[in-house]
Each structure stands twice: as structure tokens, then as C-alpha cells.
Amino acid sequence: MQNQLFIQNSLTRKKELFKPISEPNVGMYVCGPTVYSDVHLGNVRTFLSFDIVFRYLKFIGYKVRYVRNITDVGHLVGDGDEGEDKIAKKAKLDNIEPMEVVQKYTNGFHSVMRLFNIQDPSIEPSATGHIMEQIEMIQEIIKNGFAYESNGSVYFDVKKYNATHDYGTLSGRNIEDLISNTRELDGQSEKRDSLDFALWKKADPHHLMRWNSPWSVGFPGWHLECSVMSTKYLGEKFDIHGGGMDLKFPHHECEIAQNVGSNGKSPVNYWIHGNMLTVNGKKMSKSEDNGFTPEELVTGNHKLLEKGYSPMTVRFFMLQSHYGSTLDFSNEALQAAEKGYKKLVNALKTLKKLKPSENSSVHVTELKNKCYAAMNDDFNTPILISHLFEGVKIINSIHDGSASINDENLIGLNKLMDEFTYDVLGFTTESSSSDGNVLDGLMELVIDLRKQSREDKNWSVSDKIRDQLAQLNIKINDSKEGSTWNHEE
RNA sequence: GGUCUCGUGGCCGAGCGGUUAGGCAGUGGUCUGCAAAACCAUCUACACCAGUUCGAAUCUGGUCGAGACCUCCA
């Protein structure tokens, strides 16, 4: 299979043919969560987007090292530099150890990832585990003249950097605009210029998370960890860097500056940015109070939710849009996705029961090529899904007897549908219980009894069986060949 | 204010110069003891105004509207 994968590169704003630095290996870094609170659905969308990238790269034969960090220190809270560490602040509020906060929300993050069947990265490094490396990178940057110490803190000298390099290429900004638009928040700052950003911050006496450094007892700046950990695990130059759109500036811009400032190399060939999940057109975020946790989503226990939705329904809902577009949340859209997903899943079950015939009115190769083409075009999952629904139509038509399929095409169709549904899109069958055999036997008996009552035209009994099973989320489907059932979660 | 993005049918969302996107909902059939499911058929579109072109949802200019970033955020 010759795959020409094209990726929308934020750096060039063009769709480019993907060529890894060292075939067949691919290095990919994605900015992970800051573990100071529960992740909400908007966060999930980004990690899901890159789950698809990870899965598809592997699917077409690449060997991927996927690094996704855990930010457990360093994000400042409040205005400018006078804020405090987000995790330390949370620790004070909850009256627990900072690392306890980190552990709690890291665990929570992992269980959410599992809930949505988002695969683990190859390496999940944490910022606090790389303090030494961060100090070393700061020293390099200082040595190269792009950073200065001020009162125990170290700042990146953006103006000086910009004199020999372009600052702002990724986000399409120029330094003059940035200077003229700086807000009046910095006050009595230690920084030489408002654009400068911290590489190391001296800790005030109350600050809980602190480490020794050549400059002060303090903590690393909030953009540094990604530069350090991507370099450590993927090298000074690697293939893909991903993250949410909202990280493009300043976070990713600073990352590039730090890498260039320390080793002279722009680190990433392909920058990929996922777009935001919106609610009534506005970005989902904690401050807007329009976010909800996955638990609330599943139970429906939130003012924005009319009912609960299963994780796979949500996955389907998100993958029906392209990662680069905003996606607007609504109950209506979720409910439509729920039905659509069910239709797909049911067809996959039907597929397993299809019998081949001599002639084939369907040809799988063309459909298969279209599926690959969709994913090769910047991971276009909505197009892929539309093609899978073409497959659904084929499956149901064969089942209905209005189409036929031969052995070869049936094998091909099975492979195609399974691979793209489960491997590429990462859907998973939600209710696979260990006592499935008992249930199967039981249902066979029930359906047989119902069949007899139907033959006797004893409709009250047959309808009672059907209705009561429905209450247990077991749905009976009658057809010419007899009745089938499935259990819906 | 600066930079950028977007405005598609009842809803969600692809497409980005000429072909039915797709899902959900609606309508009419087929099937069924009834229903559900499924199948077949079918109705609603490209914010507005001008321009380029044989041809524009798709390109250009303008108008209006929405959003993101510029401060932590996926």
C-alpha cells in the first residue's frame, strides 16, 4: 500500500506531503494536560484528535514514538509574573501536598483517556521529573546570549532573539505588533521587556514547589518543559508536534524560540493544531463555566445535558467533524450521533452473519481506496465515516437480499470495516461481558419461545417478551430469516 | 485596538472552480400480525453585495455577523 499522507502544517499554513526524518520511524510530541483539575470534554477532543493521528500513522506502517507530557509544575495563575503556581495554589486550597494534587488529577486524566479508548502514548514524561534537564537548557540559552538573569529569575530575551531569528513565525505575529499590543499588567516587572518570558522563576517564601538552581531556589518557566522533553525523547529535530489551537501563541512560539536559542535548530517539521470544542459558539473552558466532566457527560448530570451519552457516542460525534474545525456541542447533535453510531455498530454485527454467494454486486477495492484517501487527506475522519456508511448500506442491502457478495469481497469488506472502525477510528464494542455465553444461550431460548407464540398468533405473549426485553435494553429485530437481538448499553 | 479563522439545507457537519458528501430529523413507498430495524424514493443549502470565469458554496474586493489568540487554558 502506497500511502501519500498529507498534513495541514500550521508552520507553513499549507497541506504538505508527510515525509518523516527517518523512515519508518516517526517522532510525535503532544502537549498534555496540566494536572490541577478534572479534564473537560474540550480537552478530550484534542487528545482524541491526536489519538487518530497516532493510530493512523501506525496503521499505515510507521513506527511511532508518541510523547505526551504531564504538566505538573510551572503554570502561573493570575496576571503577569506576580501570579503563583497553579498546582501549588490548588494544593493550598485543598490543603494537601502538591504532588497529591498531581497524582489525583493524573489518575483522573488516565481514566478519562481509557473511557474514550484513547491509546496511551509511548512515553508520558512529567515536568518535575526533568528539572535538571530544564536547568541545563536554560544554561545553554544564557550561554548563547538569549536569556538573562534578573533577581534570581531567568528570562528569555525576545527582542535579542528576534534580531537574528524570527519570533512569531508559527502564529503569524511580528514583534512590532506584539509590542504595541502589550497590556499594562506587568508593573514593576523584573523583565527587560514585556515580551520576555520566564525560563526560571525564583520562588517566594510561600511557594510550595521549589528546586535548587544556579540562580535561586525556584521553579522552571511554563514553556520550558516541552522544549526539554521533546528534545530528550525525540531529538533536536523531530517530525510532528501537536496541541490545541490555544497553545499556538505564546506556548508553541516560545517552545520554538527556546529550542533555537539553545541548539540553533527549529525543532519540528510538522506542527498540527486541533481546534476548539465550542458551546453555543463559545470555546468550552472552565472560566466560562460551560464545560463538563466525562462523568457528567455519561450520567447526563449537568445543566447543559438533556441526558447521558456513552463515551463511544461522544467519540463518534467528535470524529464526525474535522480536527481542524471548531465543533459546536449540542444535545441535538449528540443525539444524532448516538443514532448514527448505533447504525454503524448494528451493521458491523450484521456483517458477521453475511453469507457469500457466487456473484458479487459489490466491489470492495474502490471503497477501500476511498477510505485510505480520506485519511491521507489530513486525517479527514468525517469523510472516512461517510465512506463507512457506504459500507453500512452495502451490508444492509446484502442482508436484505437486494445485493450480493462473493467470498473474496466479503473477506475484504470484513477487513475493511473492522480495520477502519476499530483500528483507525478507535471505536470499541462497549458491552462485552464475560458471561456472554450464558446470555447468548438464554436469549436463544427466549427467542425460540417467542417464535412459537408468534406462530400460534399469541401476540400478547410475543409482544410482552419484546417489550420487557426492551426495558432491559435488549432489542429484538424481526426479519424473514427469524429474529435477532442485541444488547445496547 | 492588532493578528487570524469562520459564516453551508430543520440540526450537526464535509467539500473549496464543473460531479448525490455523510449522519440525524421530515415526507412517500416496500417489508411486518403490529412495531422496530432495514431497503427504495424524495424535500429543504451554500450570510449579503459586486467582480473574475464558459461555469463559484468554492477565487477577488467590499458589507454584515460570529469566534479564537494577543493573560493560564486542549
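Proteins get letters first, then strands, A, B, ... in listed order; numbering begins at 1 in each.
- Counting only residues at least two apart or on different chains, the salt bridge (charged side-chain N to carboxylate O under 4.0 Å, His left out) pairs with a member in residues 309-333 of chain A are A:D51-A:R315.
- Annotation: side-chain contact (heavy atoms from CB on, under 4.5 Å) contacts of A:R173 (sequence neighbours excluded): A:S171, A:L178, A:F249.
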Please list every donor-acceptor pair under 3.5 Å in which a side-chain atom of residues 464-471 of chain A meets a protein atom from a residue at least two apart or in another chain.
none

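- A:L384 places its CG atom 14 Å from the C1' atom of B:rG23, with the value rounded to the nearest Å.
- Residue pairs that meet the salt bridge (charged side-chain N to carboxylate O under 4.0 Å, His left out) test with at least one member in residues 114-128 of chain A, sequence neighbours left out, are A:R68-A:E124.
- At whole-Å resolution of the value, NE2 in A:H40 and P in B:rC72 are 17 Å apart.
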Quick test: give all pairs of protein nitrogen or oxygen and nucleotides 56-61 of chain B nitrogen or oxygen below 3.5 Å, distance rounded to 0.1 Å.
none

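- For the side-chain contact (heavy atoms from CB on, under 4.5 Å) test, residues two or more places apart in sequence or in another chain that qualify with A:V67 are A:Y29, A:R65, A:I123, A:P125, A:Y233, A:L234.
- One atom, CG of A:N43, and another, C1' of B:rA74, lie 5 Å apart when rounded to the nearest Å.
- Side-chain N/O atoms of A:K457 include none lying less than 4.0 angstrom from OP1 or OP2 on B:rG33.
- Closest of all the heavy-atom pairs between A:M375 and A:L5 is O-CD1, 3.6 Å.
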What nitrogen or oxygen pairs link the protein and nucleotides 36-43 of chain B at under 3.5 Å?
unit_1, atom_1, unit_2, atom_2, d
B:rA36, N1, A:D478, O, 3.0
B:rA38, O3', A:N396, ND2, 3.1
B:rA38, O2', A:D400, OD1, 3.3
B:rC39, OP1, A:N396, ND2, 3.3
B:rC39, O4', A:D400, OD2, 3.2

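- Centre separation under 5.5 Å together with a plane angle under 30° holds for the ring of A:W459 and the six-membered base ring of B:rG33, marking them as stacked.
- Among residues two or more places apart in sequence or in another chain, the side-chain contact (heavy atoms from CB on, under 4.5 Å) test is passed with A:S321 by A:R45, A:L327.
- Not a single donor-acceptor contact under 3.5 angstrom links the side-chain atoms of A:R13 to the base of B:rC4.
- With A:H273 as reference, A:H252 is the one residue of A:H252, A:K248, A:H241 to meet the side chain to side chain donor-acceptor pair (under 3.5 Å) rule.
- Here B:rG22 presents its P atom at 22 Å from OH of A:Y341, a figure rounded to the nearest Å.
- Here the C1' atom of nucleotide B:rG22 and the NE2 atom of A:H387 are 9 Å apart, to the nearest Å.
- A:D193 has a carboxylate O that lies under 4.0 Å from a charged side-chain N of A:K159, or vice versa, which qualifies the two as a salt bridge.
- When the shell of 6.0 Å around NZ of A:K457 is examined, it contains 12 or fewer heavy atoms from other residues, nucleotides or ligands.
- A search for salt bridge (Lys or Arg N to Asp or Glu O under 4.0 Å) contacts involving A:E444 returns nothing, not counting sequence neighbours.
- Between the CG atom of A:L247 and the C1' atom of B:rU71 there is a distance of 13 Å, given to the nearest Å.
- For A:D400, the side-chain hydrogen bond (donor to acceptor under 3.5 Å, both in side chains) criterion is met by no residue, not counting sequence neighbours.
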Taking Watson-Crick and G-U wobble pairs with both distances under 3.5 Å, convert RNA chain B into its dot-bracket string, 5' to 3', dots for unpaired and | for cross-strand pairs.
(((((((..(((.....[...))).(((((.......)))))....(((((..]....))))))))))))....

Produce the list of close N/O pairs, under 3.5 Å, pairing protein atoms with atoms of nucleotides 6-13 of chain B; give distances to one decimal.
unit_1, atom_1, unit_2, atom_2, d
B:rG13, OP1, A:D328, N, 2.6
B:rG13, O2', A:Q320, O, 3.0

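- A:D377 places its CG atom 13 Å from the P atom of B:rA14, with the value rounded to the nearest Å.
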